[in-house]
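Worksheet for the structure shown next.
These figures come from a predicted structure and were not determined experimentally. Atoms within each ligand, like the ligands themselves, are counted from 1 in listed order.
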Amino acid sequence: MEFVYEALPQRVLFGAGRRHSLADEVRRLSGSRVFVIADTADGREIGKALADEPGFEVVAMWHEVIQHVPDSLADRARQAVAEDDADLVVSIGGGSATGLAKAIALTHAIPIIAIPTTYAGSEQTTVYGITGDRHKQTGKNPVVQPKTVIYDPELTLGLPSRVTGPSAFNALAHSVEALYAPGANPVISALGMQAVSAIQRALPTVMADPTDLDGRADLLYGAYLSGMALGATATGLHHKICHVLGGTFNLVHADAHSVILPHAVRFNAPVLPAEMAMLEHALHAGPGDAAGALWDLAVASNVPTSLVQLGLAFDDLGEAAARATAEIQVNPRPFTKSDILSLLVRAFAGDRPCLVEPGRSRP
Ligand code: NAD
């Protein structure tokens, strides 16, 4: 066995009620002027409580957060940070809140404490994304990785089902692509498959009872491990297609993941027998049926399975295929624009992906 794994440094606190440790963590990082980003009611409450704590000042409560971080929003938030002379950012919310904090850290080099309330996993990565002119520009920089992450499953109890299901699929996508993306290694694959099993076990239960705290903890733990998987690897075909669907066609990020993932897995499965065996094991799927099992999980969890449901027009598929083809740098299976278009057409229809035998692709 031979591999390279570059573990990212970070302090993580996990558990119900852990949000109450936030003030201690601010003091631990010697924050004196704290810029809070919070777009949910829970987040605003946490920000207010933080303002009553001794040893530092909350200089701003920023509520405006938009998916894919439009560059105009990033510019305004950065200007506010400069005017407030902030030296630490606390982000409470989903990947959009974390993403705005990262945009600030990118130019101001100040530390982030993240309290994620969805399963997007951005808090585990050095990846940032900023969108302008219908194009999402992503990059990697260690300065944007949160120094401390507080996972508190109680904060996810109110996450609406329409966000919960797709967001869990966003996490699944990180762990699945980490099996074969550049940077893949056995440590990360093991963590990722643990995440896949935890999410598959918990998601239908949580969708049936959103207040199931144990199930919520399992999903958040799966999201944490999946974020680590994303942070340790590069993104492949699946993520690039989703970035195009979000950045260019403004589809909801997590929704795009839930629709595309089974079809991306189906496309790559023929050239990944060992990786698919691991995924089948984690999903309790039959031989050649990992993609189908992901689709079954989507159906069982009532998450979108077709691009039609997300409101994409059939006429947009050609532009989406062209843009995604230009963006995908690496993929285990060689592809052409017409392969990506076929994948998108399948995702548009949203049918269950068929069984795939290793070494043999289906038309
Ligand atoms: P989001 O942050 O936009 O949240 C979705 C919705 O859920 C929002 O309306 C938000 O206010 C609400 N919400 C969040 N937590 C809630 C809670 N606990 N209770 C009630 N409502 C809540 O969506 P997301 O899917 O978490 O993040 C998507 C963004 O994250 C995209 O821009 C994506 O590109 C980015 N992302 C980046 C990375 C990375 O590594 N850089 C990784 C994953 C996702």
Side-chain angles (χ1 to χ4, degrees), residues 8 10 19 37-46 62-71 73-74 91-103 105-106 112 114-131 135-146 149-175 177-178 181 206 210-211 216 219-220 223-224 226-235 238-248 250-258 303:
L8 298 174
Q10 188 178 69
R19 63 189 178 283
I37 299 172
D39 65 329
T40 63
D42 277 353
R44 284 193 275 275
E45 285 304 311
I46 294 170
W62 184 278
H63 302 312
E64 187 186 356
V65 156
I66 302 176
Q67 288 214 346
H68 312 301
V69 194
D71 48 10
L73 175 67
S91 68
I92 310 152
S96 301
T98 314
L100 184 60
K102 285 177 159 184
L106 187 64
I112 300 171
I115 306 187
T117 63
T118 69
Y119 311 120
S122 174
E123 70 283 353
Q124 287 300 325
T125 80
T126 61
V127 180
Y128 60 88
I130 298 174
T131 304
H135 180 74
K136 185 168 181 176
Q137 185 73 47
T138 57
K140 279 192 170 187
N141 190 322
V143 80
V144 307
Q145 193 203 0
V149 179
I150 301 176
Y151 290 102
D152 186 339
E154 286 178 355
L155 292 175
T156 62
L157 293 175
L159 190 64
S161 296
R162 71 183 153 70
V163 183
T164 297
S167 189
F169 264 78
N170 190 5
L172 284 172
H174 302 334
S175 286
E177 278 228 305
V206 167
T211 63
R216 286 289 191 181
L219 286 185
L220 198 57
Y224 164 32
S226 295
M228 286 177 77
L230 177 67
T233 55
T235 52
H238 167 83
H239 278 80
K240 293 294 184 196
I241 292 175
C242 292
H243 283 171
V244 167
L245 293 175
T248 303
N250 210 22
L251 297 197
V252 175
H253 180 77
D255 289 356
H257 278 278
S258 60
V303 310

Problem - Heavy atom of the protein closest to atom 32 (O) of ligand 1 (residue, atom name, distance) - result: His68 N, 2.8 Å
Practice task
Taking the side chain as every heavy atom from C-beta outward, state whether His174 and Met228 have any pair of such atoms under 4.5 Å apart.
Solution key: no
Fill in the blank from the handout: At under 4.0 Å between heavy atoms, what of Lys136 touches ligand 1? The answer is side chain
Problem - Whether Lys140 side chain and Ala234 backbone form a donor-acceptor pair below 3.5 Å - result: no
Practice task
For Thr40 and Gly93, indicate whether the former's side chain and the latter's backbone hold a donor-acceptor pair under 3.5 Å.
Solution key: no
Practice task
Starting from atom 21 (N) of ligand 1, find the nearest protein heavy-atom neighbour and note its residue, name and distance.
Solution key: Pro160 CD, 3.8 Å
Practice task
Provide the number and element of each atom of ligand 1 under 4.0 Å from a heavy atom of Gly94.
Solution key: 2 (O), 26 (O)
Completion exercise
In terms of its nearest heavy atom to atom 22 (C) of ligand 1, the top option of Leu159, Thr131, Asp255 is Leu159
Handout entry: Protein residue, atom and distance nearest to atom 38 (C) of ligand 1, heavy-atom basis
Key = Ser122 CB, 3.4 Å
Problem - Within-cut-off N or O pair, Thr118 and ligand 1, under 3.5 Å - result: yes
Completion exercise
shortest atom 12 (C) of ligand 1-to-protein heavy-atom contact is with Thr40 CG2, 4.4 Å
Exercise for the section: Tell me which protein heavy atom sits closest to atom 44 (C) of ligand 1, plus the residue, atom name and distance to 0.1 Å. Expected result: His253 NE2, 3.6 Å
Practice task
Please tell me if the side chains of Thr117 and Asp42 come closer than 4.5 Å, counting only heavy atoms from C-beta onward.
Solution key: no
Completion exercise
Among non-hydrogen protein atoms, atom 6 (C) of ligand 1 lies closest to Val163 CG2, 4.2 Å
Exercise for the section: Could you name the option among Ser96, Gly247, Gly99 that has the heavy atom nearest to atom 3 (O) of ligand 1? Expected result: Ser96
Problem - Of the listed options Gly121, Gly95, Ala41, closest to atom 29 (C) of ligand 1 (non-hydrogen atoms) - result: Gly95
Problem - Heavy-atom closest contact (Thr164 atom, Leu159 atom, distance) - result: OG1-O, 3.1 Å
Handout entry: Protein heavy atom at shortest distance from atom 10 (C) of ligand 1
Key = Asp39 OD2, 3.5 Å
Problem - ligand 1-proximal atoms of Lys102, by part, heavy-atom distance under 4.0 Å - result: side chain
Exercise for the section: Could you tell me which atoms of ligand 1, counted from 1 in the order shown, lie closer than 4.0 angstrom to a heavy atom of Gly158? Expected result: 19 (N), 20 (C)
Handout entry: Sub-4.5 Å side-chain heavy-atom contact between Ile37 and Val65
Key = yes
Practice task
Please report which non-hydrogen protein atom sits nearest to atom 15 (N) of ligand 1, along with the residue it belongs to and the distance in Å to one decimal place.
Solution key: Thr117 OG1, 2.7 Å
Practice task
Examine distances only and state if a side-chain atom of Asp152 and a backbone atom of Arg19 form a donor-acceptor pair shorter than 3.5 Å.
Solution key: yes
Practice task
Look at atom 26 (O) of ligand 1 and say whether a protein heavy atom is found at less than 4.0 angstrom from it.
Solution key: yes
Handout entry: His135 side chain to Thr248 backbone, donor-acceptor under 3.5 Å
Key = no
Exercise for the section: Check whether any side-chain N or O of Gln10 sits under 3.5 Å from a backbone N or O of Pro146 as a donor-acceptor pair, and report yes or no. Expected result: yes
Practice task
Would you mind reporting whether His257 and Ser167 have side-chain heavy atoms less than 4.5 Å apart?
Solution key: no
Handout entry: Close side-chain approach of Ser91 to Leu100, heavy-atom, < 4.5 Å
Key = no
Practice task
Provide the number and element of each atom of ligand 1 under 4.0 Å from a heavy atom of Leu230.
Solution key: 40 (O), 42 (C)
Exercise for the section: Could you list which atoms of ligand 1 come closer than 4.0 Å to a heavy atom of Val127? Expected result: 39 (C), 40 (O), 41 (N)
Handout entry: Residues His243 and His68: side-chain donor-acceptor under 3.5 angstrom
Key = no
Exercise for the section: Under 4.0 Å, heavy atoms only, figure out whether ligand 1 is touched by the backbone of Thr125, its side chain, both or neither. Expected result: side chain
